[in-house]
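What follows is one structure encoded as structure tokens, with my remarks underneath.
If you're wondering where the values come from, they're calculated on a predicted model, not measured in any experiment. All heavy atoms count here, side chains included; hydrogens, waters and symmetry mates do not.
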Amino acid sequence: MMLIPNHHFRDIERKPEYLQPEKCAPPPYPGPAGTMWFIRDGCGIACAIVTWFLVLYAEFVVLFVMLIPSRDYVYSIINGILFNLLAFLALASHCRAMLTDPGAVPKGNATKEFIESLQLKPGQVVYKCPKCCSIKPDRAHHCSVCKRCIRKMDHHCPWVNNCVGENNQKYFVLFTMYIALISLHALIMVGFHFLHCFEEDWTTHGLTREGRAEARIFQQKAQPLKVSSSECSYFSPPTTVILLILLCFEGLLFLIFTSVMFGTQVHSICTDETGIERLKRKQQPRERRGTWKAVTETFGGSFSPNWFNPLSGPCQPALRDEGWVRQLVSSDNMESTTEEQSEDQVEEQSEERKDEDSAEMTDN
């Protein structure tokens, strides 16, 4: 049931002892700089391997079936460079999206010392995640796969084996964009290849070696500009057709899927609303950033070629105290909260709100 803001805060347990900061282990020491982030999830690892396999399959078909056998060297060089560049950027974006910390909240930071350091004022509360024993910043959500609270979590994507959050949303957007571009490029090249070679490959197939040679000589005399079937592929015509049909199916499927995901992510960035927030339709008042500010923060500064470079990082401003602290806006709740905060000045989410954090989104 959808709750209005006043009812939302009445569902929060107001007993200070529920927080139990003494049961939270101290936050772990931060790892060395540059420590790799990797989620050990079997399904996610399998999906990531499949993603790389499909890109490498497309690379094989484009190079060894369509481009290398062609005698049009200008066509082959231009399309080869373009396709390989897009494939490299797509795989680089995939690696960065998979191996970048999406914005995980430190585990076990719901300690008494940390809570006291926030110096809460009357009307201010902090939320503790009972699953990872962490103080949850505003707009953070717990991911059951990553087993962490993720700042500005949009959804968990098994294709990159990671959450899409504050720190890696740029890489995920670039990944979907480059996959859509190489899918479209592959489909266009397959169309040209079929138009150029399909008729001759099938008219000469099934003949003897002498018959194919005679048919090829006859076709070259009748149509001097027609290329021989050996220029179309190093494989037999049936094998070539099967490889191209599989590539068409793969390209069309991923073109549709990644285009939809790319549009969804761009819309989320421009509206400053994550997928989980859109799914839950939160009605809590929140100051939204402007469209251009949200875009520049996601992609790392003012518009530049680095926006499209997966090797450059987005802006990652340090989380300030107001990111951990939330302000109650209801007047009747403000009075009751002020009395309880005289002891610990902190509140914990009740089990009745577990459905809010369990509303995780996953790419299918």
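- Annotation: the span from L187 atom CG to C248 atom SG amounts to 5.5 Å, rounded to 0.5 Å.
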Practice item. Determine, stepwise, if the pair H94 / W52 fulfils side chain to side chain donor-acceptor pair (under 3.5 Å). Key: CA-CA 9 Å; H94 182 270; W52 275 70; 3.2 Å; yes

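- Between the side chain of S76 and the main chain of L67, a donor-acceptor pair closer than 3.5 Å is present.
- Contact detail for I39 and C146: the closest heavy-atom pair is CD1-SG, 3.8 Å.
- Taking CG of L244 as the reference point, atom CZ of F235 lies at 10.5 Å (rounded to 0.5 Å).
- Taking hydrophobic clusters as Ile, Leu, Val, Met, Phe, Trp and Tyr residues chained together by side-chain heavy-atom distances below 4.5 Å, V62 shares a cluster with I68.
- Between the side chain of S134 and the backbone N or O of K136, no donor-acceptor pair lies under 3.5 Å.
- Under the 3.5 Å distance criterion, the side-chain polar atoms of W307 are left unmatched by any main-chain donor or acceptor of K170.
- No more than 12 heavy atoms of other residues, nucleotides or ligands lie within 6.0 Å of CZ in F88, so this atom counts as exposed by the packing criterion.
- Proximity of F38 to I45: side-chain heavy atoms (C-beta onward) are separated by under 4.5 Å at one or more points.
- The shortest distance between side-chain heavy atoms of F83 and E59 falls below 4.5 Å.
- Follow the hydrophobic side-chain contacts under 4.5 Å out from F53 and you reach I179 in the same cluster.
- Checked against a 6.0 Å centroid threshold, the rings of F172 and H155 count as neighbours.
- The two residues A180 and L255 come nearest to each other via the heavy atoms O-CD1, 3.4 Å.
- Hydrophobic cluster membership differs between F254 and V260, with clusters built from Ile, Leu, Val, Met, Phe, Trp and Tyr side chains linked at under 4.5 angstrom.
- Looking at N161, its side chain never comes within 3.5 Å of a backbone N or O of P158 through a donor-acceptor pair.
- Under a 3.5 Å cut-off, the side chain of E277 and the backbone N or O of T274 do form a donor-acceptor pair.
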Check your understanding: Could you walk me through whether V164 and V173 pass the side-chain contact (heavy atoms from CB on, under 4.5 Å) check?
Key -> CA-CA 10 Å; V164 178; V173 172; over 6 Å; no

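- A pairwise comparison of heavy atoms in T291 and C270 identifies OG1-O, 3.2 Å as the closest pair.
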Point to revise | side-chain contact (heavy atoms from CB on, under 4.5 Å) between M189 and F194, intermediate numbers included | key: CA-CA 9 Å; M189 285 192 292; F194 268 116; over 6 Å; no

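- For the pair V65 and L247, the minimum side-chain heavy-atom distance is 4.5 Å or more.
- Within the 4.5 Å cutoff, the side chain of M66 has no heavy atoms near those of the F192 side chain.
- Looking only at side-chain heavy atoms (C-beta outward), V61 and L246 stay at 4.5 Å or farther from each other.
- Proximity of a side-chain donor or acceptor of T296 to a complementary backbone N or O of K293 within less than 3.5 Å is detected.
- Considering only heavy atoms from C-beta on, L91 comes within 4.5 Å of V55 through its side chain.
- Going from atom CE of M261 over to atom OG1 of T176 covers 7.0 Å, rounded to the nearest 0.5 Å.
- Note that OG of S183 is 11.5 Å distant from CZ of F257, once rounded to the nearest 0.5 Å.
- Here the CG atom belonging to L181 is positioned 10.0 Å from the NE2 atom belonging to H185, to the nearest 0.5 angstrom.
- Paired with W37 under the rule side chain to side chain donor-acceptor pair (under 3.5 Å), one option of D101, N162, N168, N167 passes, and it is N162.
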Review point. Can you list the steps and then say if S268 with E273 is a side-chain contact (heavy atoms from CB on, under 4.5 Å)?
Key: CA-CA 5 Å; S268 296; E273 183 181 46; 5.8 Å; no

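- Side chain of R148 to backbone of C132: no donor-acceptor contact under 3.5 angstrom is found.
- A distance of 11.0 Å separates CD1 of I182 from CG of L85, quoted to the nearest 0.5 Å.
- Q169 is listed as a side-chain neighbour of I269, based on a closest heavy-atom distance under 4.5 Å.
- Under the 4.5 Å side-chain heavy-atom criterion for Ile, Leu, Val, Met, Phe, Trp and Tyr, L56 and L63 are members of distinct hydrophobic clusters.
- The aromatic rings of F308 and F303 sit perpendicular, their planes meeting at an angle over 60°, well past the 30° parallel limit.
- The hydrophobic clustering, which links ILVMFWY residues whose side-chain heavy atoms are closer than 4.5 Å, places I78 and F64 apart.
- Within the 3.5 Å criterion, the main-chain N or O of N309 finds a donor-acceptor partner in the side chain of S312.
- Judged purely by atom type and a 3.5 angstrom limit, R96 has no side-chain atom pairing as donor or acceptor with the backbone of Y171.
- Side-chain contact between Y127 and I135 is absent, with no heavy-atom pair separated by less than 4.5 Å.
- Remark: of the listed residues R151, R139, K152, R151 is the sole one forming a salt bridge (charged side-chain N to carboxylate O under 4.0 Å, His left out) with E166.
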Review point. After noting the C-alpha distance and the side-chain angles of Y57 and L243, does the key distance pass the side-chain contact (heavy atoms from CB on, under 4.5 Å) rule?
Key: CA-CA 9 Å; Y57 170 79; L243 292 173; 3.7 Å; yes

